[in-house]
Amino acid sequence: MRVLVTGGAGFIGSHVVEALAARGHEPFVFDVREDAGADVRDADAVRGALSGVDAVCHQAAMVGLGNGFTDAAEYVSRNDLGTAVLLGAMAEAGVRRLVLAGSMVVYGEGRYACARHGVVRPGPRAVDDLAAGRFEPTCPACGAALTSGLVTEDAPVDPRNVYATTKLAQEHLAAAWARSTDGSAISLRYHNVYGPRMPRDTPYAGVASFFRSALARGEAPRVFEDGAQRRDFVHVRDVAAANVAALEATSAGGALRVYNTGSGEPHTVGEMARALAAAYGGPSPVVTGEYRLGDVRHITADSSRLRSDLGCKPEVGFQEGMAEFAVAALREEG
């Protein structure tokens, strides 16, 4: 299969390219890192890149929380306008297979249950609570403590920041494209991806990169809140394998299918920072109590649908992955 990989020179995209080639496919990279003219917002450039292509793996995106709302227009331009241009060109070219780099951030907070009121959806955390160190969401009906659990793909979406909003818009665009063209579209909702070639020293990277960059500078990783936030840290090679499985899957057209793409092994942010620092041999993490508006408390998802439908399961365990990541090379820029 000839596969166009947008963002194919980036962190995740470069691993997808390698995984596709290893399976005997022909990946073609479309990325501004390699060619300034390879911008998914440029319709002519995209049309040219789609010539002879069987499928598209759309990894190009502006990621992370960035610098707050001042980046909103750039996020929308790169993520949503870029996706719309790409899908329009695919419709013209007759390319009918798409795998989209989605994100678990579309859910907002994770799944919570109250002993009295059952499953509830807490609203955004209040600044006063965060400033006072009250990080755990409470029941919106009675204010009681909540128990967090795994989010399934049919959970309501509730994006809580600009990046999350653009990732959800990408899915809506992909769904509309699939209905209009009878195309096959799959969105892989990535969890916290880490591994070799992660960008360093940038506000657009993930928390694993922040910690690894600090250790490389000889500094202690700074853990926000109390470090008890739960996440699912999934190795980039497992994410690349999920992309290949999604591209190879036989599926009916006309609709978007979504899959949570995680390790299935939740850990706290503090636990990850300690494991990485220990593997690196650097200073122990410092829990600061700081917070970022737009961050959610707990978000871990059930990835069993990916296993059952696509036969894709993670191969890199948490301790093994952190030991590798501790010494892996990072990218100088995203």
Side-chain angles (χ1 to χ4, degrees), residues 12 58 61-66 75-76 79-80 83 99-114 117-126 130 135-141 146-175 185-194 206-208 224-225 228-234 238-239 242 246 255-269 272 291-310 314:
I12 298 175
H58 186 29
M62 187 173 178
V63 301
L65 280 182
Y75 272 106
V76 172
N79 296 355
D80 299 337
T83 299
V99 173
L100 172 68
S103 176
M104 56 82 184
V105 295
V106 300
Y107 297 117
E109 284 285 356
R111 184 181 189 274
Y112 293 90
C114 171
H117 295 98
V119 176
V120 295
R121 297 282 298 174
R125 295 180 293 172
L130 293 170
F135 303 121
E136 293 287 346
T138 56
C139 177
L146 299 173
T147 301
S148 66
L150 300 180
V151 178
T152 58
E153 288 91 345
D154 57 358
V157 290
D158 185 17
R160 302 267 174 109
N161 56 57
V162 173
Y163 170 61
T165 301
T166 64
K167 295 307 289 183
L168 182 57
Q170 282 185 310
E171 288 193 348
H172 288 318
L173 287 165
I186 291 177
S187 177
L188 299 176
R189 289 177 174 170
Y190 300 163
H191 278 251
N192 290 69
V193 187
Y194 73 96
V207 66
F224 281 16
E225 301 188 17
Q229 315 91 294
R230 279 188 291 280
R231 298 289 188 270
D232 185 328
F233 299 100
V234 59
D238 287 330
V239 169
L256 172 73
R257 291 183 297 157
V258 300
Y259 292 99
N260 291 330
T261 305
S263 71
E265 187 182 340
H267 293 272
T268 68
V269 171
M272 187 271 286
Y291 61 89
R292 295 191 303 177
L293 288 177
D295 271 346
V296 297
R297 180 59 174 173
H298 305 299
I299 177 65
T300 55
D302 183 345
S303 297
S304 59
R305 182 185 292 180
L306 183 73
R307 322 285 194 259
S308 61
D309 285 11
L310 303 183

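Nothing here was measured: the structure is a model prediction, and the numbers come from that model.
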Return the set of residues passing side chain to side chain contact (heavy atoms under 4.5 Å, CB included) with A255 (not counting sequence neighbours), or none when no residue passes. none
Going by side chain to side chain contact (heavy atoms under 4.5 Å, CB included), name the residues that satisfy it together with R111, two or more places apart in sequence or in a different chain. V119, V151
For D232 and G264, indicate whether the former's side chain and the latter's backbone hold a donor-acceptor pair under 3.5 Å. yes
With respect to T166, which candidate in V105, V106, D80, T83 satisfies the side-chain contact (heavy atoms from CB on, under 4.5 Å) definition? D80
For the backbone of G118 and the side chain of Y112, can you confirm whether one donor and one acceptor N or O come within less than 3.5 Å of each other? no
For A228 and T268, the nearest pair of non-hydrogen atoms, with its separation, is O-CG2, 3.8 Å
Considering non-hydrogen atoms only, spot the tightest contact between G110 and I299 and give its length. CA-CD1, 3.8 Å
How many angstroms lie between atom CZ of R292 and atom CG of L130, to the nearest 0.5 angstrom? 12.5 Å
What pairs with S103 under side-chain hydrogen bond (donor to acceptor under 3.5 Å, both in side chains), at least two apart in sequence or on another chain? none
How close do A174 and A185 get, counting heavy atoms only, and between which atoms? O-CB, 4.2 Å
In Å, rounded to the nearest 0.5 Å, how long is the span from CG of L256 to CD1 of I186? 8.5 Å
Looking at R297, is its backbone amide N or carbonyl O close enough to the side chain of E109 to form a donor-acceptor pair, meaning the two atoms are under 3.5 Å apart? yes
Within the structure provided, determine whether H191 and R231 are in side-chain contact (heavy-atom separation under 4.5 Å). no
Supply the atom-to-atom distance D295 CG to N161 CG, rounded to the nearest 0.5 angstrom. 8.0 Å
Just checking, is any N or O donor in the side chain of R189 or Y107 under 3.5 Å from an acceptor N or O on the other one? yes
Which distance, rounded to the nearest 0.5 Å, do you find between the OG1 of T261 and the CE of M104? 11.5 Å
Give a yes or no on whether a salt bridge exists between E153 and R257, defined as a side-chain N under 4.0 angstrom from a carboxylate O. no
With sequence neighbours excluded, residues passing side chain to side chain contact (heavy atoms under 4.5 Å, CB included) with L150: P266, T300, D302
Can you find a heavy atom in the side chain of V234 that is under 4.5 Å from one in the side chain of Y190? no
Heavy-atom closest contact (Y163 atom, N79 atom, distance): CD1-ND2, 4.1 Å
Nearest 0.5 angstrom please: R230 CZ to M272 CE, how far? 15.0 Å
Exercise: identify the closest heavy-atom pair between S187 and G102: OG-CA, 3.5 Å
Listed partners of H267 passing ring-ring contact (aromatic ring centres under 6.0 Å, His included), at least two apart: F318
Is any side-chain heavy atom of F233 less than 4.5 Å from a side-chain heavy atom of V207? yes
Residue set satisfying salt bridge (Lys or Arg N to Asp or Glu O under 4.0 Å) with D158, at least two apart, ordered chain then number -> R121, R160
When rounded to the nearest 0.5 Å, the distance separating CG of N260 from OG1 of T152 is 7.5 Å
What are the two closest non-hydrogen atoms of P314 and S263, and how far apart are they? CG-O, 3.4 Å
